[in-house]
Peer 1: 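Input: one structure, supplied below.
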Number of protein chains: 2
Amino acid sequence: MRMGRPREFDAETALDQAMEVFWRHGYEGATIAQLTEAMGINPPSLYACFGNKEGLLKAALERYTKLRNVWMNEVVAAPTAREVAERMLMGIADKQTDPANPPGCLLVQGGIACGTGSENVPFELAAHRARNEDQLRDRFIRAKAEGDLKEGADPAALARYVSAVSVGMGVMASSGANREALRQVASVAVQAVEAQSTDRS
Amino acid sequence: MRMGRPREFDAETALDQAMEVFWRHGYEGATIAQLTEAMGINPPSLYACFGNKEGLLKAALERYTKLRNVWMNEVVAAPTAREVAERMLMGIADKQTDPANPPGCLLVQGGIACGTGSENVPFELAAHRARNEDQLRDRFIRAKAEGDLKEGADPAALARYVSAVSVGMGVMASSGANREALRQVASVAVQAVEAQSTDRS
DNA sequence: CCACATCTGTAGTGAACACTACATATCTGG
DNA sequence: CCAGATATGTAGTGTTCACTACAGATGTGG
């Protein structure tokens with residue numbers, strides 16, 4: 001098989017730059033011109049490698065999720081449901097206000113509502129958020145089996161709750177909330193999980 | 001003063017239609033063509049009445065907040081902090097899945113991230129959300145003064161928390177969560193407020 | 001060194017966008 | 001009934017957008 005001219009840029013490095021642009025401006029707000037400039041390539045290279053704008057977003061989302069999963073594994077490794085929630089929400093407060101990244105979360109900033117032709121982008125993001133929620137739910141199911149959560153506790157509802165708080169914090173972060181404000185929210189939110197936990201004195 | 005030809009459409013009715021379009025498609029996703037069609041007018045009438053697209057959004061936001069305030073007053077009229085949170089979050093679960101409106105909340109769907117030229121739209125929405133948060137905070141301050149909240153409770157943090165959960169629920173609603181799922185989130189969320197309340201047997 | 005395959009940069013393409021010029025229509029004050 | 005003022009409908013304006021045609025560059029297999 002003939003090989004042809006090799007690619008002159010690194011796809012993962014370029015994806016990191018694209019990710020940042022989508023994160024800061026959203027899917028529709030990000031233009032191909034901004035993306036190509038950040039990635040250091042020209043439009044034909046982008047289209048040859050990722051198909052189109054939506055393909056680039058999907059690739060960026062996969063990379064985002066992959067990087068995030070490393071951290072999520074640490075979160076669900078916490079010994080109790082309460083500590084899982086605490087690590088998750090406190091960590092999110094820090095991550096969403098980390099000056100190294102745009103504020104908030106790509107899975108929210110990417111796009112909540114989109115115009116004609118991009119209607120499925122919000123659902124694409126929702127599917128990625130759902131993966132996180134599933135991971136939490138599985139962890140809470142285990143917590144209940146271990147007697148760490150009360151008999152009446154609903155692991156799926158708890159996971160959905162933690163996920164909802166994360167998203168809300170992301171929106172607040174992107175509109176200027178500082179780290180301390182988000183930590184306060186996280187601190188209150190954890191108490192709901194605590195209320196579903198068994199007492200172990 | 002000379003009067004000129006009178007307007008042939010009702011501004012508030014037209015605003016209701018525009019509100020729905022922004023709610024469903026977001027600020028950037030909504031086009032002038034969609035807006036004028038929904039409003040039943042032509043572009044020159046829109047621009048004469050509201051200045052430009054952003055002016056129309058601001059007018060729609062004001063109307064949204066005005067309609068919503070009627071309900072918010074009922075919410076903060078609840079006798080305890082816990083019941084305020086419950087009315088608020090359960091009511092939001094119902095409102096955000098009301099088939100009479102687009103799913104979610106205009107103050108979230110309107111736009112979380114926007115492109116060049118609309119950077120201040122997300123902050124405009126955040127300012128409206130902050131008004132709600134202030135109303136909750138004032139109510140929780142009163143609750144603390146009445147001994148309804150514990151000594152260590154932080155009314156501002158509680159208000160921010162309830163606001164964050166509302167926003168998170170709005171995002172979930174817009175990506176397909178049903179009423180039952182949102183009610184479960186609300187139900188868990190209320191327990192954090194309950195944990196900050198004094199026991200009154 | 002040649003045939004072919006793939007990448008890259010230049011320079012566009014048509015479409016969709018927010019917005020408006022202008023002629024006409026409809027009102028009020030005198 | 002007339003003059004001035006404002007609203008409306010038609011039909012655009014220039015700009016920006018995602019995307020691509022094409023020619024030249026750079027690799028591999030024979």
Side-chain angles (χ1 to χ4, degrees), chain A residues 1-15 17-19 21-22 24-60 110-111 113-122 124, chain B residues 1-15 17-19 21-22 24-60 110-111 113-122 124:
Chain A
M1 169 171 103
R2 315 295 182 85
M3 284 293 290
R5 179 174 175 177
R7 184 177 290 143
E8 288 186 3
F9 62 96
D10 177 61
E12 289 208 330
T13 308
L15 260 187
Q17 305 306 318
M19 194 172 78
V21 175
F22 282 131
R24 194 174 297 281
H25 301 288
Y27 175 74
E28 295 199 302
T31 68
I32 298 292
Q34 287 172 327
L35 289 163
T36 51
E37 183 180 352
M39 298 166 85
I41 61 178
N42 289 309
S45 299
L46 189 159
Y47 284 89
C49 189
F50 301 104
N52 56 18
K53 190 182 178 185
E54 193 168 335
L56 177 61
L57 175 72
K58 287 182 182 173
C114 280
T116 311
S118 313
E119 293 92 347
N120 50 330
V121 166
E124 198 73 43
Chain B
M1 165 173 106
R2 314 297 181 87
M3 284 293 290
R5 178 173 173 176
R7 182 177 292 143
E8 288 186 3
F9 64 96
D10 177 59
E12 290 208 330
T13 307
L15 258 187
Q17 305 306 317
M19 194 172 79
V21 175
F22 281 132
R24 193 174 298 279
H25 301 288
Y27 176 73
E28 295 198 302
T31 68
I32 297 292
Q34 287 172 326
L35 290 163
T36 51
E37 182 179 352
M39 298 166 85
I41 61 178
N42 289 308
S45 299
L46 189 159
Y47 284 89
C49 191
F50 301 103
N52 57 17
K53 191 182 177 185
E54 193 168 334
L56 177 61
L57 174 73
K58 287 183 183 174
C114 280
T116 312
S118 314
E119 293 91 346
N120 49 330
V121 165
E124 199 72 44

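To find a chain, count down the sequence lines: A is the first, B the second, and so on, and within it residues start at 1. Computation of the quantities below employed the complete heavy-atom set of this structure, encompassing side-chain atoms and omitting hydrogens, waters and symmetry-equivalent molecules.
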Peer 1: Does E124(A) offer a backbone N or O that forms a donor-acceptor pair with the side chain of K58(A) under 3.5 Å?
Peer 2: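 No; zero donor-acceptor contacts below 3.5 Å.
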
Peer 1: Please determine, for the side chain of F9(A), which listed nucleotide (dG27(D), dT8(C), dA18(D)) has the closest atom?
Peer 2: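 Selected nucleotide: dT8(C).
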
Peer 1: Please give, in whole Å, the distance from dC19(C) C1' to N42(B) CG?
Peer 2: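 Distance check: N42(B) CG to dC19(C) C1' gives 14 Å.
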
Peer 1: Given that E28(B) and P6(B) both sit by DNA chain C, which one's nearest nucleotide is further toward the 5' end?
Peer 2: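 Closer to the 5' end of DNA chain C: E28(B).
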
Peer 1: Among dC19(C), dG9(C), dC19(D), which nucleotide sits nearest the side chain of Y47(A)?
Peer 2: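 Of all the options, the side chain of Y47(A) is nearest to dC19(D).
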
Peer 1: Rounded to the nearest 0.5 Å, what's the gap from CE on M39(A) to CE on M19(A)? Could you check?
Peer 2: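 If I round to the nearest 0.5 Å, the distance is 11.5 Å.
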
Peer 1: Just the rounded figure in Å: distance from P of dG9(C) to CE of M39(A).
Peer 2: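 Taking atom P of dG9(C) as the reference, CE of M39(A) is at 13 Å.
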
Peer 1: Enter the distance from C114(B):SG to E54(B):CD here, rounded to the nearest 0.5 Å.
Peer 2: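 Interatomic distance, C114(B) SG to E54(B) CD, rounded to 0.5 Å: 9.0 Å.
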
Peer 1: How close or far is atom P of dA7(D) from atom CG of D10(B), stated in whole angstroms?
Peer 2: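 Atom CG in D10(B) sits about 15 Å away from atom P in dA7(D).
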
Peer 1: With nearest nucleotide decided by heavy atoms, which residue, P43(A) or R5(B), maps closer to the 5′ end of DNA chain C?
Peer 2: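 Upstream on the strand: P43(A).
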
Peer 1: For the pair made of NZ in K53(B) and P in dT20(C), what is the distance, rounded to whole Å?
Peer 2: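 Taking atom P of dT20(C) as the reference, NZ of K53(B) is at 14 Å.
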
Peer 1: What does P44(A) touch in the nucleic acid at a heavy-atom separation under 4.0 angstrom: a base, only the sugar-phosphate, or nothing?
Peer 2: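 Result for P44(A) = base.
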
Peer 1: Show your working on side chain to side chain contact (heavy atoms under 4.5 Å, CB included) between F50(B) and L57(B) and close with a plain yes or no.
Peer 2: CA-CA 9 Å; F50(B) 301 103; L57(B) 174 73; over 6 Å; no

Peer 1: Just to confirm, is there a sub-4.0 Å distance from OP1 or OP2 of dA7(D) to any side-chain nitrogen or oxygen of S45(B)?
Peer 2: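 Answer no for this pair, as no side-chain N or O of S45(B) is under 4.0 Å from OP1 or OP2.
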
Peer 1: What integer distance in Å separates I32(B):CD1 from dT15(D):C1'?
Peer 2: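 These atoms are roughly 15 Å apart.
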
Peer 1: Can you tell me the distance, in whole Å, between the CD atom of E8(A) and the P atom of dA5(C)?
Peer 2: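 Checked: the CD to P distance equals 20 Å.
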
Peer 1: From C-beta outward on R7(B), which listed nucleotide comes closest to its side chain: dT8(D), dA18(D), dT28(D)?
Peer 2: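 Nearest nucleotide to the side chain: dT8(D).
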
Peer 1: Consider the side chain of T31(A), meaning its heavy atoms from C-beta on, and name the nucleotide among dA18(D), dC19(C), dT8(C) that approaches it most closely.
Peer 2: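 Among dA18(D), dC19(C), dT8(C), the one nearest the side chain of T31(A) is dA18(D).
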
Peer 1: Just the rounded figure in Å: distance from C1' of dC7(C) to CZ of F50(A).
Peer 2: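 These atoms are roughly 14 Å apart.
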
Peer 1: Once you round it to whole Å, what is the distance between C1' of dG29(C) and CE of M3(B)?
Peer 2: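 Distance check: M3(B) CE to dG29(C) C1' gives 11 Å.
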
Peer 1: Which heavy atom in A38(A) sits nearest to a heavy atom in V21(A), and how many Å separate them?
Peer 2: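 Answer, listing the atom of A38(A) first, then V21(A): CB-CG2, 3.6 Å.
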
